[in-house]
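One structure below.
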Number of protein chains: 2
Amino acid sequence: MIASDSSRQRSAQNGSERAEHLAGLIMALARREGMKAGDRLIEQRLADALDLSRAPIRLGLKALEAAGLARGEPHRGFVLAKNPTSGAAQPALAAIRRNEQVYATIAGDVLASRLPADVTEAELMRRYGLSRAELQRLLDRIAAEGWIARLPGYGWRFAETVSSPEAQAQAKAFRAVIEPAAILQPGFALPQEVIVRLRERQQRVFDGELEKMTIGEIFHSGCEFHEEIIRGAGNPFFLEALRRVNSIRRLFAYRSFADRDGMRRHVREHLRLLDVLETRRYAEAADLMARHLQRPLVAGVS
Amino acid sequence: MIASDSSRQRSAQNGSERAEHLAGLIMALARREGMKAGDRLIEQRLADALDLSRAPIRLGLKALEAAGLARGEPHRGFVLAKNPTSGAAQPALAAIRRNEQVYATIAGDVLASRLPADVTEAELMRRYGLSRAELQRLLDRIAAEGWIARLPGYGWRFAETVSSPEAQAQAKAFRAVIEPAAILQPGFALPQEVIVRLRERQQRVFDGELEKMTIGEIFHSGCEFHEEIIRGAGNPFFLEALRRVNSIRRLFAYRSFADRDGMRRHVREHLRLLDVLETRRYAEAADLMARHLQRPLVAGVS
DNA sequence: GATTGTTCTTTTATGCAACAATATACAATC
DNA sequence: GATTGTATATTGTTGCATAAAAGAACAATC
């Protein structure tokens with residue numbers, strides 16, 4: 001399958017793809033933060049959260065206004081016009097997804113072994129209809145996620161981590177080692193405000209938001225939860241290792257189908273874990289975490 | 001014809017940095033493989049080992065010949081002229097090191113917090129006197145090693161894994177978790193030929209080669225040993241995680257000073273571990289590994 | 001039969017100029 | 001005092017022409 005030439009499209013459109021993308025980022029953030037219609041969208045705060053400066057945020061806000069999702073008044077900034085969970089917010093979020101399409105296609109092709117382990121840039125450019133610049137950004141990103149690496153000469157090589165069919169089980173086994181171990185590290189501690197924040201978010205998901213979330217969002221939320229906890233060990237190597245596993249697990253998520261009941265149980269376990277962590281019974285928490293990771297969240301791989 | 005003539009001329013004049021680099025790679029490989037003067041340097045075999053094709057290998061071989069480290073006869077290929085451990089081989093290996101200088105400088109600056117966590121490319125280009133292309137290769141490499149990452153907008157951010165002073169202890173704690181756990185994974189197995197190969201190499205180091213090795217080589221050899229063992233778990237996530245820790249530990253190695261006696265003990269422990277692994281007493285091996293990782297290899301950090 | 005020598009094609013790197021995006025500082029407004 | 005509005009310098013991107021490097025195929029040689 002060959003994607004259409006997006007570089008030519010971009011120059012033709014005046015709606016600026018970049019701005020729409022930024023709008024999507026802002027909406028996704030608002031959604032994660034649980035914001036409601038009427039909440040203020042403060043430029044600097046958004047900029048900090050997205051690791052950008054105010055200029056691009058501004059573009060995104062204007063795009064949101066154009067889409068009717070935000071209202072702005074001079075010198076008073078912008079305000080959310082719709083709930084980020086409402087149907088009206090979907091198109092903005094879709095802008096991100098469109099941007100992810102090639103990425104997802106490649107991920108799928110690798111998972112299904114439709115691509116050889118070693119590939120050249122030129123081959124990928126042809127196959128997916130990308131410019132060199134677009135491809136390079138993409139490869140940089142994939143490399144950062146750790147499932148492709150440059151060869152010394154030409155070309156790139158996909159990691160065996162991805163192409164293997166057992167990868168999912170292996171990721172699980174790895175997590176089952178590092179996550180409980182992190183909790184057992186001497187000096188493990190989770191600040192109260194983190195616990196509160198995590199509980200609040202998990203509770204919100206549990207209390208019905210789950211049904212409105214996409215698979216991607218559910219997955220993201222789960223990753224964030226586990227990453228915040230492992231961060232408590234105060235050892236960045238644990239966090240970093242989990243992040244990498246998660247970035248690869250995300251690829252599988254595309255082809256796993258969801259079982260909302262199982263997810264509800266999963267979230268309940270998160271809440272239970274937080275209770276134990278709050279009282280600092282870390283041995284018990286590690287044990288709980290180990291058992292939590294045994295249970296499958298999603299079943300059935302294509 | 002004309003073009004190739006002129007390029008040959010140019011490379012004769014200034015010695016083609018690339019060729020010297022390749023020569024260094026070949027010598028380093030020969031050294032790792034324990035080759036001796038008189039051994040044949042077979043192009044295809046070198047190419048496979050270095051993930052390159054024969055063309056660049058050829059350049060490297062010619063550079064080695066020019067440096068007097070290899071002898072070539074028409075249609076009979078090249079032969080090692082000196083032992084790779086001898087003093088004569090040092091200049092070729094130095095070519096790699098020269099190439100690594102900027103890398104090491106940056107690593108040092110980050111470790112000593114002489115660089116801010118967030119940097120722009122232009123700033124780095126100015127500071128280290130690099131062209132954009134050189135810098136990008138460098139950044140790609142550092143990103144692959146996981147201690148820098150692109151920010152969404154301008155610039156890059158160094159990972160906290162590197163800048164923190166406790167990083168060394170944290171790396172150790174992390175390895176103490178994953179390495180024994182890997183050995184305990186169901187299905188862990190180390191092929192006999194791997195054990196033989198590892199033992200042979202460690203034995204060689206133990207029997208005197210140690211004194212002739214640079215800190216970098218000693219470190220590299222240790223990493224290879226541990227990585228081969230963790231590979232036995234058959235779970236690429238363990239291997240990958242260890243690789244990343246090691247690539248960051250390598251930065252510390254630059255500023256650690258060596259204690260040859262401690263290293264000798266360290267290598268003896270490696271040999272002991274291999275004995276236990278060979279008889280498949282994995283529980284015991286995991287225990288041994290855990291204790292091995294408690295002991296410090298290098299002491300004294302600036 | 002394996003290895004080297006040679007040639008040819010493909011692929012990637014580099015430098016440069018115009019262009020687009022981003023950051024920053026400071027003034028204006030609430 | 002916090003936030004938004006605006007101007008400006010800085011920084012990064014893209015497309016293109018040219019140069020260099022790498023890979024692949026095949027003949028020649030041992």
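Keep in mind that this is a model prediction, so the values were computed, not measured. Per chain, numbering begins at 1; letters A, B, ... match sequence-line order.
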Can you check the [X] [atom1] to [N] [atom2] distance for me, whole Å?
X	N	atom1	atom2	answer
B:L46	C:dT4	CG	C1'	13 Å
A:K62	C:dA21	NZ	P	13 Å
B:L41	C:dT4	CG	P	9 Å
B:D48	D:dA24	CG	C1'	14 Å
B:L124	D:dG12	CG	P	9 Å
A:E134	C:dA20	CD	P	16 Å
B:E123	D:dG12	CD	C1'	15 Å
B:L59	C:dT6	CG	P	14 Å

Inspect the contact between [Y] and [X] and indicate whether a charged nitrogen and a carboxylate oxygen are less than 4.0 angstrom apart.
X	Y	value
B:E121	B:R150	yes
B:R204	B:E200	yes
B:R231	B:E227	no

Does OP1 or OP2 of [N] have a side-chain N or O of [X] closer than 4.0 Å?
X	N	value
B:R76	D:dA28	no
A:R58	D:dA7	no
A:R132	D:dG15	no
A:R18	C:dA21	no

Counting only side-chain heavy atoms from C-beta out, which of [options] sits nearest to [X]?
X	options	value
A:E121	C:dA13, D:dT3, C:dA23	C:dA13
B:L52	D:dG23, C:dG5, C:dA13	D:dG23
A:H75	D:dT11, C:dC30, D:dT14	C:dC30
A:R54	C:dA23, D:dT4, C:dA13	D:dT4
A:R45	D:dT3, D:dT14, C:dC30	D:dT3
A:S53	D:dG5, D:dT11, C:dT24	C:dT24
A:A122	D:dT4, C:dA23, C:dT11	C:dT11

Task: B:Q136 versus B:D140, side-chain donor and acceptor atoms under 3.5 Å - done: no
- [ ] For A:A133, report the nucleic acid contact type (base, sugar-phosphate, nothing); a contact means any heavy atom under 4.0 Å.
- [x] sugar-phosphate
Task: Inter-residue atom distance B:E65.CD - B:L69.CG, 0.5 Å rounding - done: 10.5 Å
Open item on the list: Tell me whether the side-chain N or O atoms of A:Y154 pair up with the base of C:dT12 as donor and acceptor below 3.5 Å, since no angle test is needed here.
Closed with: no
- [ ] Would you mind telling me which residue lines up with the more 5' stretch of DNA chain D, A:G153 or A:I42, judged by nearest nucleotide?
- [x] A:I42
Task: Most 5' of B:Q136 and A:P74 on DNA chain D, judged by nearest nucleotide - done: A:P74
TODO: Mind telling me whether A:W147 and A:Y103 have parallel, tilted or perpendicular rings, with 30° and 60° as the class edges?
DONE: perpendicular
Task: Nearest-nucleotide 5' precedence on DNA chain C, B:E43 against A:P56 - done: B:E43
